[in-house]
> 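My structure is below; once you've seen it, I'll send some questions.
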Amino acid sequence: MVSTNPFGEFRVACEVALRKALSELHPEATDRSLLLNEPPNRSFGELSSNVMLELAQSRSQDTPKKLADQLVPLIHADGVPAIRAVKTAGAGYINFYADFTELSRMTIDSIRSLDSRYGSVRTEKPMSIIVEHTSANPISPIHIGQARNPILGDALARVLEARGHRVSRHFYIDDVGRQVAVAAFGYRLIEKPSPMDEKPDHYIGTIYTITSCIVEISRLKRALQQAETLSPEKTMQLKSSLREWNQVADEFRKKHPRLFKLLLHQLPLDEDVEARINALNRAYEAGEPEAKRLIRETCGLSMQGLKETLSRVGVCFNSWDWESDLVWNGSVRDVLENLKKTGYVFSEGPVLEFDANKVAEDFELKENLAVKKDHEIPSLTLVRADGTTLYTTRDIPYTLWKFKQAEKVINVVGADQKLPQLQLKLALWALGNEKHARNLTHFAYSLVNLPGYTMSGRRGRYISFDEVVDEAIRKALDEVEKRSPSLSEEEKTKISRNIGIGAVKFALIEVDPTKPVVFTWDRVINFERNSAPYIQYSYARARSIMRKAERRVLEADSSLLIEPVEQDIILKLSKFPETVIDSADNLKPDAIADYVIALADRFNSFYNAIPVLNTSSASLSDARLALVESVTIVLRNALSLIGIEALEKM
RNA sequence: GAGCCCGUAGUCUAGUCUGGAUAAGACACUGGCCUGCGGAGCCGGAGAUCUGGGGUUCAAAUCCCCACGGGCUCGCCA
């Protein structure tokens with residue numbers, strides 16, 4: 001029998017048998033939903049129930065052990081091929097032992113016949129889902145702090161697809177806003193020289209940082225000139241900012257002397273600069289042709305670099321959504337009008353504010369949104385005094401637009417943006433889009449920091465994703481040269497690329513996204529510590545056996561696989577579909593990473609202890625070969641879900 | 001000041017949602033294993049008062065409260 005979820009079959013069989021017995025003795029206990037757990041080790045079976053420990057609470061006269069002993073004879077597992085035995089143990093656990101003849105056969109047959117589809121269990125409720133991720137500013141390269149975003153977002157999309165959802169990946173190009181105007185302003189000022197040998201996103205990033213740095217310094221200096229009118233604290237604060245920006249300036253003067261000099265020379269250093277930058281921003285929102293040309297050109301250049309970075313690590317998108325389009329086509333204005341009609345918008349002079357807190361209270365949403373009752377949610381500024389809009393304002397029509405195409409929207413956005421994401425959701429409530437509000441998920445991840453400081457695109461203080469990938473590939477090439485000198489140059493290049501990129505991705509995905517990560521080079525390029533090369537190595541070893549065998553096993557007798565290390569692998573293989581379900585339904589891409597390490601571990605133990613090709617009988621060899629083949633399929637499928645390529649050789 | 005997230009061997013992490021049997025891995029440290037299929041490997045050893053303190057429970061790394069430490073947020077930035 002082929003099953004999309006072999007361990008699930010065993011689980012259901014145990015649950016049915018257990019419920020039936022419970023309904024005879026303790027009908028009140030059957031309404032519990034979670035009856036079975038995975039025991040800490042296999043001497044306690046493959047599944048275990050502690051219902052009796054709980055049941056004993058209400059029946060003080062009976063010990064859990066006694067209750068379990070009474071129940072077990074009523075659990076009829078004889079007719080169920082998947083269950084070998086049911087026993088009581090310890091304080092009153094009921095342990096279910098799988099029949100490995102059956103489980104092995106079902107698992108291996110299913111994997112070999114489903115092949116690349118093994119692990120994919122279609123949900124009963126497939127949805128159309130938009131995963132918006134990365135959405136990096138189109139004025140600087142993606143840095144390693146942000147890189148967690150595309151990696152998590154892409155894995156999430158892949159896992160959801162495996163679950164049978166229709167997934168569309170969207171990149172939101174944030175080309176409206178002051179920072180873009182700053183970059184474009186600087187770029188035009190130096191008469192738009194094209195990037196020489198530099199990646200265009202790095203090039204624009206440098207121009208942006210230098211421009212913003214010089215503008216900032218001159219602003220701070222002007223502010224300090226009125227020191228007499230300022231409070232001492234304010235003066236201190238300004239001085240400390242000035243010190244920081246001067247430091248940034250020094251760094252850039254050294255790193256990019258030519259551009260720095262050029263920009264310093266061209267930039268008028270009076271208040272006029274800022275006014276002109278703001279004017280450019282206004283002109284762009286208003287859709288004036290010249291501003292459009294300039295800013296689209298600047299962003300286009302940068303996006304070219306971002307796309308290159310993303311596509312080289314295997315992250316692709318279905319849609320590139322320009323934020324400015326929403327402004328120009330009037331949907332931002334329309335949403336503002338609608339929002340005003342809700343009564344949740346108040347004005348402070350020309351400034352419009354959205355009363356997020358009142359929405360949360362009126363709709364009684366605080367508890368649901370994990371906000372404390374007496375915690376006041378800050379209001380959201382929708383429109384500036386000069387009439388321009390803000391990021392989150394524009395995110396409202398964008399979100400509505402996304403919901404025209406999908407039932408569910410997942411925004412992969414850093415945890416630092418929890419508040420605006422909450423305000424966005426409340427805006428949907430206010431607008432009467434309850435259903436959309438409920439189907440909007442902020443997939444939050446903690447930022448990646450460098451030891452000692454936070455990365456800042458604006459300050460140009462970051463390690464770019466590109467250089468991390470480059471370095472990882474370089475390190476991988478060293479290792480390949482050392483370990484596999486006989487491979488062709490072409491193979492070495494391809495392999496080290498895959499190893500390097502895999503290592504970077506793995507480092508970013510293996511940690512629970514809510515946990516903060518401190519970036520260290522060691523984390524990525526120490527291949528003893530980084531598990532990705534280990535997993536790829538395990539795969540290469542397995543494939544090597546397959547190649548040496550020079551035959552495809554048609555009929556394998558899985559009942560010959562009686563070694564504990566073999567059964568450990570089979571058990572793990574049988575659980576892969578459940579892992580994918582958990583990963584997709586609970587949005588846990590990191591669960592796949594944990595799984596694949598554990599499978600590789602078990603395979604390596606097996607590899608070391610058990611011969612596959614030199615066995616006493618051909619049928620045993622066939623059975624083991626089928627097992628090895630199954631391991632290769634599942635390793636490949638699992639790696640593919642987290643966007644890492646499996647390698648034939650390395 | 002207020003709110004959110006995180007705290008598990010020297011280091012990095014899994015387990016926390018859904019309480020249950022001996023807290024699971026990796027790095028570093030350490031003792032073994034290449035005439036069997038790839039040693040980026042395998043087998044073993046040592047190393048953890050699960051940040052601290054209360055509470056709930058037959059049972060707490062897991063749930064609740066309070067402290068402490070780290071990160072983030074509270075902008076007419078994104």
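These figures come from a predicted structure and were not determined experimentally. Each chain gets a letter, A, B and so on, in the order the sequences are listed, and its residues count up from 1.
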> Choose from B:A14, B:G20, B:G38 the nucleotide whose nearest atom is closest to any side-chain atom of A:Asn50.
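From the listed options, B:G20 comes nearest.
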> Of the nucleotides B:C76, B:C5, B:A40, which one has an atom closest to the side chain of A:Thr514?
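Given the options B:C76, B:C5, B:A40, the side chain of A:Thr514 is closest to B:C5.
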> With respect to the side chain of A:Asn95, which nucleotide from B:C76, B:A21, B:U16 is positioned closest?
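Within the option list, the nearest is B:A21.
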> Side-chain donor or acceptor of A:Ser538 under 3.5 Å from a matching atom on the base of B:A40?
no
> Assign each of A:Arg523 and A:Ile495 to its nearest nucleotide of RNA chain B by heavy atoms, then name whichever residue's nucleotide is nearer the 5' end.
A:Arg523
> Looking across every strand, which nucleic acid part, if any, lies under 4.0 Å from A:Ser531 by heavy atom: base, sugar-phosphate, or nothing?
nothing
> Taking any heavy-atom pair under 4.0 Å as a contact, classify A:Gln417: base, sugar-phosphate, or nothing.
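Touches a base.
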> Base, sugar-phosphate alone, or nothing: which one does A:Lys372 contact when heavy atoms must sit under 4.0 Å apart?
sugar-phosphate
> Hey, does A:Arg483 reach any base, or is it just sugar-phosphate, or nothing, if we go heavy atoms under 4.0 Å?
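The answer is base, as A:Arg483 lies within the cut-off (heavy atoms under 4.0 Å) of a base atom.
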> Taking only the P atom of each, what is the distance from B:C66 to B:C5 in whole angstrom?
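About 13 Å, rounded to a whole number of Å.
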> Between A:Thr88 and A:Lys65, is there a side-chain donor-acceptor contact under 3.5 Å, judged purely by atom types and distance?
yes
> Between B:G3, B:U73, B:U13, which nucleotide gets closest to the side-chain atoms of A:Val511?
B:U13
> Side chains of A:Arg523 and A:Asn530: any donor to acceptor distance under 3.5 Å?
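On atom types as modelled, these side chains do not qualify, holding no pair under 3.5 Å.
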> Determine the Euclidean distance between corresponding C1' atoms of B:G47 and B:G38; express it in Å to zero decimal places.
32 Å
> Can you tell me which nucleotide in B:C77, B:C6, B:G41 comes closest to the side chain of A:Pro516?
B:C6
> Pairing donors with acceptors under 3.5 angstrom, does anything connect the side chains of A:Arg543 and A:Thr632?
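No, A:Thr632 and A:Arg543 have no side-chain donor paired with an acceptor closer than 3.5 Å.
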> Compare the minimum distances between each of B:G39, B:A21, B:C76 and the side chain of A:Ala89, then state the nucleotide with the smallest one.
B:A21
> Which of these nucleotides, B:G20, B:A40, B:C76, is closest to any side-chain atom of A:Tyr93?
B:G20
> Does the ring of A:Phe44 meet both stacking tests against the six-membered base ring of B:A21: centre distance under 5.5 Å and plane angle under 30°?
yes
> Taking any heavy-atom pair under 4.0 Å as a contact, classify A:Glu648: base, sugar-phosphate, or nothing.
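Here A:Glu648 touches the bases of the nucleic acid.
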> Expressed in whole Å, how much space separates the C1' atoms belonging to B:A46 and B:C27?
15 Å
> Need the glycosidic conformation of B:C34: syn if within 90° of 0, anti if not. Which one?
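Classified syn.
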> Roughly how many Å apart are B:G55 and B:U62, using the C1' atom of each and rounding to a whole number?
15 Å
> Which residue, A:Lys649 or A:Gln179, contacts RNA chain B at a nucleotide closer to its 5' end, judged by nearest heavy atom?
A:Lys649
> Tell me if the side-chain of A:Lys515 makes a donor-acceptor pair with the base of B:U8, cut-off 3.5 Å, by modelled atom types.
no
> C1' atom, B:A23 versus B:A2: distance in rounded Å?
36 Å
> Provide the Watson-Crick or G-U wobble partner of B:C4, both distances under 3.5 Å; none if there is no partner.
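Base partner found: B:G71.
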> Of the nucleotides B:C76, B:C27, B:C43, which has the atom closest to the A:Ser605 side chain?
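Nearest to the side chain of A:Ser605 among the choices is B:C43.
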> Between B:G38, B:A14, B:A40, which nucleotide has the shortest distance from any of its atoms to the side chain of A:Asp512?
B:A14
> Can you check the distance between B:A60 and B:G41, where both ends of the measurement are the P atom (answer in whole Å)?
39 Å
> Regarding A:Lys87 and the six-membered ring of A:Tyr97, is the cationic atom NZ or CZ under 6.0 Å from the ring centre and inside 45° of its axis?
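Yes - A:Lys87 lies over the ring of A:Tyr97, closer than 6.0 Å to its centre and within 45° of its axis.
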> Any chance the side chains of A:Asp522 and A:Thr520 put a donor and an acceptor closer than 3.5 Å?
no
> Nearest to the A:Pro378 side chain among B:A40, B:G38, B:C74, which nucleotide is it?
B:C74
> Could you tell me how far B:C43 sits from B:C4 if I compare only their P atoms? Round to whole Å.
45 Å
> Please determine if a side-chain N or O atom of A:Ser544 lies less than 4.0 Å away from the OP1 or OP2 oxygen of B:G38.
yes
> Report yes or no: is the cationic atom of A:Arg541 (NZ for Lys, CZ for Arg) under 6.0 Å from the centre of the six-membered ring of A:Tyr607, at an angle within 45° of the ring normal?
yes
> Say you pick atom C1' in B:C63 and the same atom in B:U18; how far apart are they, in whole Å?
11 Å
> Going by centres under 5.5 angstrom and planes under 30 degrees, do the aromatic ring of A:Tyr534 and the base ring of B:A40 stack?
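A stacking contact does not exist, since A:Tyr534 is not both close and nearly parallel to the base ring of B:A40.
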